[in-house]
2 protein chains.
Amino acid sequence: MNSQACSAVKRIADSTVRRLSVYLRFLEGSTSRGQSTISSEELAKHGGTTSAQVRKDLSFFGSFGKRGLGYAVPELTESLREILGLQRQWNVVIVGAGKIGTALAQYHGFKSRGFNVVAVYDTDARKIGSKWEGHVVRDVASITSDLGERPAEIAVLAVPADVAQAAVDRLVSAGIRAILNFAPVQLQVPGDVALRSVNMAMELESLSFELTNRDR
Amino acid sequence: MNSQACSAVKRIADSTVRRLSVYLRFLEGSTSRGQSTISSEELAKHGGTTSAQVRKDLSFFGSFGKRGLGYAVPELTESLREILGLQRQWNVVIVGAGKIGTALAQYHGFKSRGFNVVAVYDTDARKIGSKWEGHVVRDVASITSDLGERPAEIAVLAVPADVAQAAVDRLVSAGIRAILNFAPVQLQVPGDVALRSVNMAMELESLSFELTNRDR
DNA sequence: CCTACTTTGTGAATGAATTCACAAGCCTGC
DNA sequence: GCAGGCTTGTGAATTCATTCACAAAGTAGG
Ligand SMILES: NC(=O)c1ccc[n+]([C@@H]2O[C@H](COP(=O)([O-])OP(=O)(O)OC[C@H]3O[C@@H](n4cnc5c(N)ncnc54)[C@H](O)[C@@H]3O)[C@@H](O)[C@H]2O)c1
Ligand SMILES: NC(=O)c1ccc[n+]([C@@H]2O[C@H](COP(=O)([O-])OP(=O)(O)OC[C@H]3O[C@@H](n4cnc5c(N)ncnc54)[C@H](O)[C@@H]3O)[C@@H](O)[C@H]2O)c1
C-alpha cells in the first residue's frame, strides 16, 4: 500500500506506457483547471479507455489512490512524471533540417516537457550555418565529436528514407541511446538502442483500409 | 487457393493492417530493385517481424504465394494496394496552416501514394489567402460549403490542442469520414468516423520511460 | 460507533495476437 | 517422373492484454 513508483518488476507493455502518457497530459490540464481529486472513471473517459484499465495500468507501479475518493491530482501527476522518467531533462538532437525537421525544431511542446533540442544537423551545404529559433544548423559530419563534448540521449531522425539507415548507424556509433524516426522505413538498431517510428503514410493507409472495409 | 483480396469476413486487427502497409512500402522498393519474387522470410526481415506473422497477415485476405517459391512481387504489391484501398485517390484537407500543417501540405510522400491535398484551412486572417505549393490557405469558416461542392474523405488536423475538439466537431458535421490528428489530445468522434492520432510527445515519453527503466 | 455509499486494487476469466509446427504444394535436377 | 529441397498456408498452442467482478478500505452523516 505504498505510493512510491517502484522499479518495474515485470515487463511493462508499451501500450500501458503510452496510456500513462495520455493520463499525464490530461492531469496537467486538470491541475490548471483546479480539480484536486480525480477518479479512474473520469481519467478513463478522457483517456479513451475504461476505468479498470486505468487502475490496472497504475497498479503495475504501486498504489496511488484512496478508496472511495480517487486520486489526488498533484500527487498522481508527480508519480506519473517520475514513472515516465520526466523529472530530468533530456537532450535531443534533430537530424535533417528539412520541412519536418524544421517544424519539430521549432515545436514548443517538446521543451515544455523536458526535451531540449540542443542541436540540428544536415548535410546540405546551403543549410549548414543558417539558423532559426536559436539553433544553428550544423554539419552532420561533426556529430560524433559534438556528442562527445555535449552528450544527447535522443535523436529525432527527419532525413529522406534512403539515407535513414546510414544516419542511424552514424548516430549509434556516436553513442545515441534512443531514436525517434520519421522516415517511412523499418530501421535496424542494436538491442540497447530504443527506437520508435512515426509513420504517417502508414496511418493514412490504415484510415484508407478502414474507409474501404467499413461496409463489411 | 484463390488470390483475390476477398472482403474481410472477420475483424482484421489494426496491427495487421499497419504491417501490410509496411510490407507494401518495402515491396515498392523491391520492384524498382528488380526483384521478381520474395519470401515471407525476407519480407519479415525488412518489416521487423517474423515470417509466420507475414504469412498469417496475408492469409486473412487470401492466398497470394507459391509454395517453394514465395510471392511474386508485382502481384503481391497490387493485391496489397487493393486490400488497403489504395487503388483509388483520396481527397485530403489540412486544417491548421502552422508549422506542422505547412510541412504536411508540402510533403510529397502523400500525393505519391494517392492522397491528394485539395485544400488547406486556417483561422488566422494573416494566413488566409497566402499560398504555397499551389494551395491557397482558405478560411475554416468556408469548410462546410467547400466540402459540399468538392467532397474530401480525410482531414489532417494540425491545430492547437485546445481548439482541436471544436475543429473535429465542425469537420464531422461537414461530413468528413476520417481524421488524422496531430494535436496531443484524445478526441471524441461518432462511431462512423475513423480516427488515428499521431502523438509525438507520447512517443518521446515512451522513449524516456525505456531509457529510465532499462536497468530493470 | 454504525450504516450506507463510493472507489480502489487485484486475482481470475476472457479475449486477442503471436508463434509453433507441420502437411501440402511447387520447383529443379537427374 | 521421381527425389530432394524449399516455402507456403493454417490449425493448435502459447503468450500477452483487457475486462470482469468483488473484497477491502475509505468517506460521510447521523
Ligand atoms: N514533410 C512531412 O510532412 C513528412 C511527413 C511524414 C514523413 N516525412 C519523412 O520525413 C523525412 C524528411 O522529410 P522532409 O519532408 O522534411 O524532407 P526534406 O527533403 O524537406 O528534408 C530532408 C533534409 O534532410 C537532409 N539530409 C539528407 N541527407 C542527410 C543526412 N545523411 N544527414 C543529415 N541530413 C540529411 C536534407 O539536406 C534535407 O534538408 C522523410 O523521410 C519523409 O518521408 C516527412
Ligand atoms: N510543430 C510540431 O512539430 C508539432 C509536433 C507535434 C505536434 N504538434 C501539434 O500540432 C498542432 C499544431 O502545431 P504547430 O506547431 O503547427 O502550431 P502552430 O501554432 O504553428 O499552428 C497552428 C495553426 O492552427 C491555426 N488555427 C488555430 N485555430 C484554428 C481553427 N479552429 N481552425 C483552423 N486553424 C486554426 C493557427 O492560426 C495556426 O496557424 C498542435 O496541436 C501541436 O501540439 C506540432
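Below, all heavy atoms of this structure are taken into account, side chains as well, without hydrogens, waters or symmetry copies. By convention in this document, chain letters (A, B, ...) are assigned in the order of the sequence lines, proteins followed by strands, and residues within each chain are numbered from 1.
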- Message: Assuming nearest nucleotide by heavy-atom distance, tell me which of Thr49(A) and Gly68(A) is located more 5' along DNA chain D.
- Response: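 Here Thr49(A) is the residue nearer the 5' end.
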Closer than 4.0 Å, any side-chain N/O of [X] to the OP1 or OP2 of [N]?
{"X": "Gln53(A)", "N": "dT19(D)", "answer": "yes"}
{"X": "Arg19(A)", "N": "dT18(D)", "answer": "yes"}
{"X": "Tyr71(A)", "N": "dG9(C)", "answer": "yes"}
{"X": "Ser15(B)", "N": "dT18(C)", "answer": "yes"}
{"X": "Ser39(A)", "N": "dT7(C)", "answer": "no"}
{"X": "Ser40(B)", "N": "dT7(D)", "answer": "no"}

- For the residue pair Val185(B) and Ser197(B), what are the closest heavy atoms and their distance? O-OG, 4.5 Å
- Task: Search all heavy atoms of Ser36(B) against all heavy atoms of Pro74(B) and return the closest pair with its distance.
- Result: O-CD, 4.0 Å
- Query: Can Arg19(A) and Asp14(A) be counted as an ion pair, charged N to O under 4.0 angstrom?
  - Reply: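 Answer for the salt bridge query: no.
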- Query: Does a side-chain N-to-carboxylate-O contact under 4.0 Å join Arg55(A) and Glu41(A)?
  - Reply: no
To the nearest Å, give me how far apart [atom1] ([X]) and [atom2] ([N]) are.
{"X": "Phe60(B)", "N": "dA17(C)", "atom1": "CZ", "atom2": "P", "value": "8 Å"}
{"X": "Arg55(B)", "N": "dT18(C)", "atom1": "CZ", "atom2": "P", "value": "15 Å"}
{"X": "Lys56(B)", "N": "dA13(D)", "atom1": "NZ", "atom2": "P", "value": "13 Å"}
{"X": "Leu58(A)", "N": "dT7(C)", "atom1": "CG", "atom2": "C1'", "value": "13 Å"}
{"X": "Leu76(B)", "N": "dG9(D)", "atom1": "CG", "atom2": "C1'", "value": "14 Å"}
{"X": "Asp14(B)", "N": "dG15(C)", "atom1": "CG", "atom2": "P", "value": "21 Å"}
{"X": "Asp57(A)", "N": "dT10(C)", "atom1": "CG", "atom2": "C1'", "value": "13 Å"}
{"X": "Leu69(B)", "N": "dG4(D)", "atom1": "CG", "atom2": "C1'", "value": "16 Å"}

- Query: Which nucleotide, dC20(C), dG9(C), dG25(C), lies nearest any side-chain atom of Ala52(B)?
  - Reply: dC20(C)
- Message: Looking only at the side chain of Arg67(A) (C-beta and beyond, no hydrogens), which of the listed nucleotides dA17(D), dG9(C), dT19(C) gets closest?
- Response: dG9(C)
- Message: Before we go on, tell me: are the rings of Tyr23(B) and Phe26(B) under 6.0 Å apart, centre to centre?
- Response: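 Between Tyr23(B) and Phe26(B), the centre distance exceeds or equals 6.0 Å.
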